[in-house]
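The next block holds one structure in the form of structure tokens; read it before the comments.
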Amino acid sequence: LKEKHKILHRLLQDSTSPVDL
Amino acid sequence: PESADLRALAKHMFESYNKAFPITKAKSRAIMAGKTGDKSPFVIYDMNSLKAGEERIKFKQTPLQEQNTEVEIRIFQRCQFRSVEAVREITEFAKSIPGFINLDLNDQVTLLKYGVHEVIFSMLASLMNKDGLLIAAGQGFMTREFLKSLRKPFCDIMEPKFEFAMKFNGLGLNDCDIAIFIAVVILSGDRPGLINVKPIEELQDSILQALALQLKISHPDSPQLFAKLLQKMTDLRQIVTEHVQLLHTIRKTEAEMSLHPLLQEIYKDLY
């Protein structure tokens, strides 16, 4: 699940990380 | 002491909500009523006012190849950017729910995957009235009629959200009520694929108690409000299902459309 949701997972770990808007 | 704990929980969720979300219902209502002292929102009601609005409103992101892109695609891309931003805000809010970050990490992902759009559409209601919605952090107001006048299938995106918003806004919730409600939505123990349901249900149970007490105190004249609000959770699921179906259609028929990778992750195998 984590593999398929890399960005969501990253946001959970660090919500300040960029999501390339 | 138990009710003091529930009040502390309510206060905590309200504070996290104010911290995570830049536009609250109170702020949005003040802007719509012209009570903020700032400029009133620029009204977009047709193609000319859209063009003027695009020059006047300071958008947070300016998508590339903007000028030559069709109006409907431009509006849709801005919705996407705002949704991605909202997912980040909701994630931040979810992490502030006591116990959330101690849940299994896979379950945190699942809860967000299924919950974010229900939260987005609950909170979108705060920006809406029967005639339109606030955009770009209150700098603009786009009319419902204008959105309905866009070409198919884009004209079908927002109307169901307005219909839901009118019923939801009819409940008269304040920001503190909404803060606790969206925490309840996020902590739904029946999302597909959850590994460890029990701790999620336990967390949701205490938030539900905090919500019941909050509504009793802030709406003493509406004893049915708690039950009515819980019924709205079913409507939210229906709206998200329809939204996902519409997006599938758009992706098939609109060659120019690209979907943000974060939204792709969320929509994939959702319903």
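Numbered from 1 within each chain, the chains take letters A, B, ... in sequence-line order.
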message: So B:V116 and A:L8, do their side chains get closer than 4.5 Å, heavy atoms only?
response: no
query: Do side-chain atoms of A:K4 reach the backbone of B:E265 as a donor and acceptor pair under 3.5 angstrom?
result: no
- request: Verify side chain to side chain contact (heavy atoms under 4.5 Å, CB included) between A:Q13 and B:L105, making sure each step is shown before the conclusion.
  value: CA-CA 10 Å; A:Q13 305 290 69; B:L105 196 50; 4.1 Å; yes
query: Is the number of heavy atoms from other residues, nucleotides or ligands under 6.0 Å of B:I101 CD1 greater than 12?
result: no
task: Please report the C-alpha distance between A:L11 and B:L262 in whole Å, then the side-chain angles of each, then the deciding distance to 0.1 Å, and finally whether the side chain to side chain contact (heavy atoms under 4.5 Å, CB included) criterion is met.
output: CA-CA 10 Å; A:L11 281 178; B:L262 175 59; 4.0 Å; yes
